[in-house]
Amino acid sequence: MAEVEETLKRIQSHKGVIGTMVVNAEGIPIRTTLDNSTTVQYAGLLHQLTMKAKSTVRDIDPQNDLTFLRIRSKKHEIMVAPDKEYLLIVIQNPCE
Amino acid sequence: MASRAARKRDEDSVTEVGEGTDEWAQSKATVRPPDQLELTDAELKEEFTRILTANNPHAPQNIVRYSFKEGTYKLIGFVNQLAVHYSQVGNLIPKDSDEGRRQHYRNELVAGSQESAKVVVSEPDLLEEEEGPKEAEAETGSQTDVPAAEAAEKVTEEELITPKQPKEQKLTNQFNFSERASQTFNNPLRDRECQMEPPPRTNFSATANQWEIYDAYVEELEKQEKTKEKEKTKTPVAKKMGKMAMRKTTFLESQSDDITKVTQAAKIIERMVNQNTYDDIAQDFKYYEDAADEYRDQEGTLLPLWKFQNDKAKRLAVTALCWNPKYKDLFAVGHGSYDFMKQSRGMLLLYSMKNPSFPEYIFSSDSGIMCLDMHVDHPYLVVVGHYDGNVAIYNLKKPHFQPAFRSSAKSGKHTDPVWQVKWQKDDMDNNLNFFSVSSDGRIVSWTLVKSELVHTDVIKLKVEGSTMEGLDGLQLHTVGCGTAFDFHKEIDYMFLVGTEEGKIYKCSKSYSSQFLDTYDAHNMAVDAVSWNPYHTKVFMSCSSDWTVKIWDHTIKTPMFIYDLNSAVGDVAWAPYSSTVFAAVTTDGKTHIFDLSINKYEAICNQPVVAKKKNKITHVQFNPIHPIIIVGDDRGHVTCLKLSPNLRKMPKEKKGQEVQKGPAVEIAKLDKLLNLDSSQPASQPRRSPEAPAHTEGTLWKPWQACVSLCIQAMYLRVPPSVGLSPAQVCLFVSYSVSPFAFPDVCLCLCIPPCLLAVSVCVPISECLSIFCVSLSPSLSLCISLHQSLCLTPCLWVYGSLLFLPVFLHGCVSLCPCGRLSLPSPWGLCRCLRLFCVSLCVCLAARRLCLCVGLSLYLRLWVSGSQSPCLWG
């Protein structure tokens, strides 16, 4: 239990990380370090995108599965790691 | 005109009209229409008869009918000539027909009533008519009324009588029509409703994708397998228990919105975040190849990549490094302290290259860890040796912080620090087995029997010749302290042990008291011993006496010795080549050697650690990636990438395929060893600043050396004329130069001076035979190399005799077409060489003593650097 907490703390305090959040299978955020409105927005949108990506990968080969999803934009990078029941989202500003 | 008139008078009665017409015709001009037919008189007089017949002119006269009898169409002669002009269908029917009779009957019925009515009507009419005229006679009106009334009564009576016979037909008319209806009472209606609670509804939607179908099948399969298993294993009682347990677990699971399930995802995210932060390093690791290596001849560099450090292990030195045999990015770092006075706790950290900021596993212990090893078949088992003499096994699969198994004082731990541990193959009972060596002189084999560590002393190290007579006749041995060991890759029972006294013993697992062999390796403690991964005979040792030595285990003396100017902490062979190895020293430098490129000096010599006071303690090569990890005594582990020059594979010769595989490596090392085996190095090569006596080393474009030559000559004839051919003289010359070895040369000139024999004694590589011919200024020298290949060189001897001084210069020519010098550089260096020597001769009687300074100037031929074939 404590290990996961520590890991999440470390991720949050890592260089360039703007925020982290944990979203459950229905798209409801469980834990977040950002404000509520942003969290809800991110959770809803990324949940759908992840489902779509997962569906795409599995449609092509059902034995395959999505490991993670990275969206690199001009301002920052959004990283999503899907789990069986949860979704871990981290927004990082890769330092230049 | 008159005649015509006459004629007309004749035919007066008949032709009046004609005359009139003639006159009329004559008086007027005939007007003919333009399209009138022009006929001749004959034609005009022609008579056409017209006959009236009763035939129908419109009737067809050519009707043809098909006769089946004759099978042809035949003209019908008789044609209907009837012409109908007008026809109308009438509605008269004959009286006698059926319809006529019916109608008649009906009419009679009607007429019956009508007749009576008519009669009645007619009578009043009559009466009225009568009245009419009678009215004129008004008086009788009333009278007539009465009879009229009487008549009417009669009529009505008759009327009443007569309708009885035919029935009256009642005719309905629309004005007098009346309808009657009646309505029953309507029952009052009432609605009664009953509403239940609607069943709970949920929306269900699903997609039927490829993967959903696949998942369903997989689930089904799993269920089937489970049921199969349950049938096999569980008893009825156990089933019940199982169910209870199941219920409990499911209850727990559904209860908590547990965050521990995110562990896997969190780990992946952490690695991704790290990859972003250290993106450039990751890119370098994967793709960067130092392009400058092409211009650097044979040297290479080490590119620093990640640096691994942890706060908890900050003050502890890295005492052991080991790559995981299965997961090539995972490595273990053991922390402890080498300092005898400052002993504290120890730590075992396992890092992955994918996450340089935090270790994957952390274990801490009370005593410093001195060594560790990972099992090849079970890569989750790590054995460590501690400073207090204990050994422990950690199981990475189980997340305990304590070691899985631990030795103790009872189970035979060492009494001194354990310096090295190594896993062995499982023994015959499939128990895990490892060896440990310690300063207390024991080499112990530990076996894991039913979760207990059982130890067996394999060997007790004894310093030879040190048995002492103790009390009561006991023989006391001085125990040697083992500091390092390594097992042979192929010969299972053979292993090497290095000791604190600097000796290396070759031992066998089966003999516990006798060593197979002893090597006097070093002057100080042996820090590491390592067998070559390819060549079965070669091993390497390093020590704090600043040297690294490479041995062939069949030979007592080392093949190569390297002096690194500083205590060497660790050596390691490279896994990709049999001739490459790395050595780290306490001055913070890493040296990489490649014997196939340069036998005598390092091809890379780089300070790796930032601060000078930082000592590097260990080094390890990664099995597949071109990187090494280096640990220092501050607790940092640095990862470095080898540049391409450091990992050169044998070059392809044109037309030959590149052979890969261990056989090639073995052959490569063999070749190197054979070249040197006849000339064992008994003295260490100097530090690599000065260019050494090597093949293929890089020479500076020019070199000069000054050699002192002392020659003593015994001349038969006093040297008034100088050296004349017809003399016997004996040269003894001793030359010393910074490069060459002391050279003693004996030369005998025999008349007619066609032959001179010169013998060069030890060190020098040449055994020369002089052949003097022609003139004193020309001598032909044939040098015989130790490897028995003959190379003729031509010495051109020019001498200027100014007694007591004579100058001579010599240039020698090698058969490969290039110039060379026979000695002191050995054979055929293919250089342009000038030698100018100044020799002062003191002659007294028949003895002549010459002291000469020779300047040998060597110039490198630009461009060609490949060794001469004769070399």
Side-chain angles (χ1 to χ4, degrees), chain A residues 1-18 20-26 28 30-31 50-52 54-70 72 76-96, chain B residues 202-203 205-221 252-283 310-312 352 354-363 396 398-401:
Chain A
M1 182 74 187
E3 260 187 59
V4 185
E5 293 285 344
E6 264 192 48
T7 313
L8 289 173
K9 262 193 235 164
R10 260 185 279 129
I11 294 171
Q12 179 55 36
S13 55
H14 202 90
K15 204 163 147 197
V17 171
I18 299 170
T20 53
M21 59 189 95
V22 181
V23 176
N24 78 349
E26 279 118 40
I28 301 166
I30 297 169
R31 256 179 82 113
T50 315
M51 289 300 123
K52 190 74 185 170
K54 190 167 188 171
S55 179
T56 310
V57 168
R58 295 208 71 200
D59 261 347
I60 293 168
D61 178 9
Q63 290 177 335
N64 204 354
D65 200 4
L66 181 69
T67 331
F68 59 77
L69 192 63
R70 273 184 133 137
R72 191 75 182 253
H76 41 241
E77 178 163 343
I78 304 169
M79 291 176 277
V80 181
D83 205 38
K84 265 175 260 163
E85 297 164 25
Y86 293 93
L87 210 64
L88 186 55
I89 302 167
V90 171
I91 305 153
Q92 188 187 19
N93 191 359
C95 26
E96 303 293 340
Chain B
T202 50
N203 271 340
S205 66
T207 47
N209 279 335
Q210 188 78 8
W211 51 273
E212 296 219 6
I213 298 167
Y214 175 81
D215 276 347
Y217 273 116
V218 166
E219 250 187 69
E220 191 58 43
L221 204 70
L252 274 172
E253 279 171 21
S254 57
Q255 203 180 29
S256 55
D257 218 9
D258 216 356
I259 202 136
T260 53
K261 290 178 191 161
V262 198
T263 348
Q264 186 68 14
K267 216 170 194 176
I268 294 175
I269 280 273
E270 200 185 350
R271 288 184 178 185
M272 286 162 78
V273 164
N274 270 300
Q275 192 184 25
N276 273 344
T277 319
Y278 298 110
D279 184 44
D280 46 353
I281 296 180
Q283 298 284 338
N310 191 296
D311 282 341
K312 290 184 193 167
S352 162
K354 294 174 186 170
N355 184 352
S357 57
F358 200 75
E360 302 288 315
Y361 301 93
I362 305 179
F363 300 99
L396 297 176
K398 294 175 191 167
H400 296 304
F401 291 113

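Keep in mind that the numbers below use all heavy atoms, side chains included, and drop hydrogens, waters and symmetry copies. Remember, it's a predicted structure, so these values are computed and weren't measured experimentally.
For B:Gln264, the part sitting under 4.5 Å from any heavy atom of chain A is the side chain, from C-beta outward, and nothing else. Residue A:Glu77 touches chain B through its side chain alone, counting heavy-atom pairs closer than 4.5 Å. For A:Thr20, no part lies under 4.5 angstrom from a heavy atom of chain B. For a residue to count as touching a neighbouring chain, one of its non-hydrogen atoms must lie under 4.5 Å from one of that chain's; by this rule B:Thr207 does not touch chain A.
To the nearest 0.5 Å, atom CD1 of residue A:Ile11 and atom NZ of residue B:Lys267 are 11.5 Å apart. Here the CH2-NZ distance, from B:Trp211 to A:Lys54, works out to 7.0 Å after rounding to the nearest 0.5 Å. Residue B:Asn274 holds its CG atom at 8.5 Å from CD of A:Gln92, rounded to the nearest 0.5 Å. With rounding to the nearest 0.5 Å, the separation of CD1 in B:Ile269 from OG1 in A:Thr7 is 12.0 Å. Expressed to the nearest 0.5 Å, how far OH of B:Tyr278 lies from NZ of A:Lys15 amounts to 7.0 Å.
For the pair A:Met79 and B:Val273, the minimum side-chain heavy-atom distance is below 4.5 Å. Using a 4.5 Å heavy-atom threshold, the side chains of A:Arg58 and B:Tyr214 count as touching. Annotation: side chain of A:Pro94 is not in contact with side chain of B:Asp279 (no heavy-atom distance under 4.5 Å).
Interface summary for chain B: among A:Leu88, A:Asp61, A:Asp83, A:Asp59, the most heavy-atom pairs under 4.5 angstrom belong to A:Asp59.
Between the side chains of A:Arg70 and B:Asn276, at least one donor-acceptor pair of N or O atoms lies under 3.5 Å.
Here the closest non-hydrogen pair linking A:Ser55 and B:Asn209 is OG-ND2, 3.3 Å.
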